Amino acid sequence: MTDFKDADVLAAEQRLPDLLDELKAWVNIDSGTDNKAGVDALSVLVAKRLEQSGFAVERIAMAQTGDQLIGRKRGNGQLRLLLVGHMDTVFPVGAAVERPFTIRDGKAYGPGIFDMKSGILAILTALDCAGAAAQNEYASITIICNSDEEIGSPTSKPYIEQLARSSDAVLVLEPTRALHTLTAARKGIAAYTLDVFGLSAHAGVMPDAGKNAILELSSLIIRLQALHKSIPTVSLNVGGVTGGGRRNVVPDRATAIFEMRAANLAAFLQAKEAIRAVVNSERLVPGVTVTLTQDPAEHLPLEPLEASAALIAEARAIMLSMGLELETLSTGGASDGNTTGGLGVPTLDGLGLIGQNSHNPDEYIQIDLIPQRVAFLIKLLRNLPKSMKPAQ
Ligand SMILES: [Zn+2]
């Protein structure tokens, strides 16, 4: 960390108590993706906070997942900016009571504090500090706070895509690990379920009348797992198996779940093809049926886009002025940045706060680094309309 301090850092410092107060209220509401009531309760507070920052808020009602929030404001400039954050967490009901917002040794703890309730508050605080004149330099500033990122954004993705298509730059508010880091690349993810249907039989009386689904699945798993690293940047993990149930019965059912990740589109498509080829190859156990089902929530890779170069250059220049040397990370974890970047829209991710342990009960944010990260965001918001050209 640097001891850099200017008017923007001071402005952010002044708003830090308010930011932490609001964050405490947000973190103390359980908002696991499958907890619609919880996400909706949180979204009432988020909507109020967006309105405080001058956004006109649209609530999109969802039947299964929490509602989506879209905040919009208009200016007199050219650049159309999209901000993307999610309100859901990976934690079950009861987590917030068990581990409420707590400050200990300069760190703030609580469910979803790092990933990524604090990211939404960081950018809103930065917008407030940047002020109306700076915001007016944009044609529009839009923010989507979605409700289902942690399961691959199945219900919010169409809205994110639609907003990204009419934007010139996207900032994703996922957390990051240090003051000088941002995320420029994320692997794509495809998730699958593999079902094998065989025929049961008495294992002692008529063993050969059966068709052993577990045996077929085992052979498939070994060949699928062999694809791991067989194509550059590709990883594959068989993460769960179920099947059979009785020692004396030839099993007629077996299922595996697995996922594949790849850093670029070519490798991603090649690996998908290789997976299909394994599944469609000759059966070890004649007569069994195999079905492969891909989870519809697919994330394409967020590749370091040429189109994002101006965005990254601006971030680098600002960090340098603050005594920081930008490091752009590439990570195996996907986010909604994969969706916006996959459409070719300049995207920078990891603009949220600094901490550790996402998806873990020990997740935290580092409080003393908040003013400098918010100051970076203030400068970025102020400079982007000058350094980026609108797409059309
Ligand atoms: Zn996240």
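Predicted model, so just to flag it, every value in this text is computed and none were measured. Only heavy atoms go into these numbers, but all of them, side chains included; no hydrogens, no water, no symmetry mates.
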Using a 3.5 Å distance criterion without hydrogens, assess whether the side chain of [X] forms a donor-acceptor pair with backbone atoms of [Y].
| X | Y | answer |
| --- | --- | --- |
| Asp30 | Ala96 | yes |
| Asp6 | Val9 | yes |
| Asp349 | Thr183 | no |
| Glu216 | Leu284 | yes |
| Arg177 | Gln356 | no |
| Ser330 | Ala185 | no |
| Asn28 | Phe101 | yes |
| Asp252 | Gly198 | no |
| Glu149 | Met87 | no |
| Asp40 | Asp67 | yes |

When you check the side-chain N and O atoms of [X] and [Y], is any donor under 3.5 Å from an acceptor?
| X | Y | value |
| --- | --- | --- |
| Asp148 | Thr65 | no |
| Asp88 | Thr33 | yes |
| Glu325 | His180 | no |
| Asp195 | Thr255 | yes |

Do other residues, nucleotides or ligands put more than 12 heavy atoms under 6.0 Å from the [atom1] atom of [X]?
| X | atom1 | result |
| --- | --- | --- |
| Lys272 | NZ | yes |
| Glu51 | CD | yes |
| Gln64 | CD | no |
| Arg283 | CZ | yes |

Kindly state each residue pair satisfying ring-ring contact (aromatic ring centres under 6.0 Å, His included) with at least one member in residues 208-249, sequence neighbours excluded.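 Sorted result for residues 208-249: empty, none.
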Sequence neighbours excluded - ring-ring contact (aromatic ring centres under 6.0 Å, His included) pairs with any residue from residues 231-272: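 Checked against ring-ring contact (aromatic ring centres under 6.0 Å, His included) - neighbours excluded - the pairs reaching residues 231-272 are Tyr192-Phe258.
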Spell out, yes or no, whether [X] and [Y] are grouped together once hydrophobic residues are joined by side-chain heavy atoms under 4.5 Å, including indirect joins.
| X | Y | value |
| --- | --- | --- |
| Leu292 | Ile189 | no |
| Leu173 | Ile367 | yes |
| Phe91 | Tyr364 | no |

Quick one, Pro361 and Glu98 - any side-chain contact, counting heavy atoms below 4.5 Å?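 Side chain of Pro361 against side chain of Glu98, heavy atoms only: no contact under 4.5 Å found.
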Would you be so kind as to tabulate the donor-acceptor pairs closer than 3.5 Å made by side chains of residues 238-248, with sequence neighbours excluded?
none

Over all atoms of both residues, closest heavy-atom pair of [X] and [Y]:
| X | Y | result |
| --- | --- | --- |
| Ser147 | Thr155 | OG-OG1, 4.4 Å |
| Ala191 | Gln294 | O-CG, 3.3 Å |
| Val234 | Leu227 | CG1-O, 4.2 Å |

Partners of Asn383 by side chain to side chain contact (heavy atoms under 4.5 Å, CB included), sequence neighbours excluded?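 Once residues adjacent in sequence are excluded, the partners of Asn383 under the side chain to side chain contact (heavy atoms under 4.5 Å, CB included) criterion are Glu314, Ile318, Lys386.
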Non-neighbouring partners of Arg165 that pass side chain to side chain contact (heavy atoms under 4.5 Å, CB included), sequence neighbours left out: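 Here the qualifying residues are Glu161, Leu343.
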So, is the end of the Arg104 side chain (NZ or CZ) under 6.0 Å from the ring centre of Tyr109 and within 45° of the ring's axis?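 Yes; both conditions hold, so Arg104 lies above the ring face of Tyr109.
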N/O donor to acceptor pairs below 3.5 angstrom from side-chain atoms of residues 113-128, sequence neighbours left out:
unit_1	atom_1	unit_2	atom_2	d
Asp115	OD1	His86	NE2	3.1
Asp115	OD2	His359	NE2	3.0
Lys117	NZ	Trp26	O	3.0
Lys117	NZ	Ile29	O	3.0
Lys117	NZ	Ser31	OG	3.0
Ser118	OG	Ile113	O	2.7
Thr125	OG1	Leu121	O	2.7
Asp128	OD1	Ser53	OG	2.8
Asp128	OD2	Arg49	NH2	2.9
Asp128	OD2	Ser53	OG	3.4

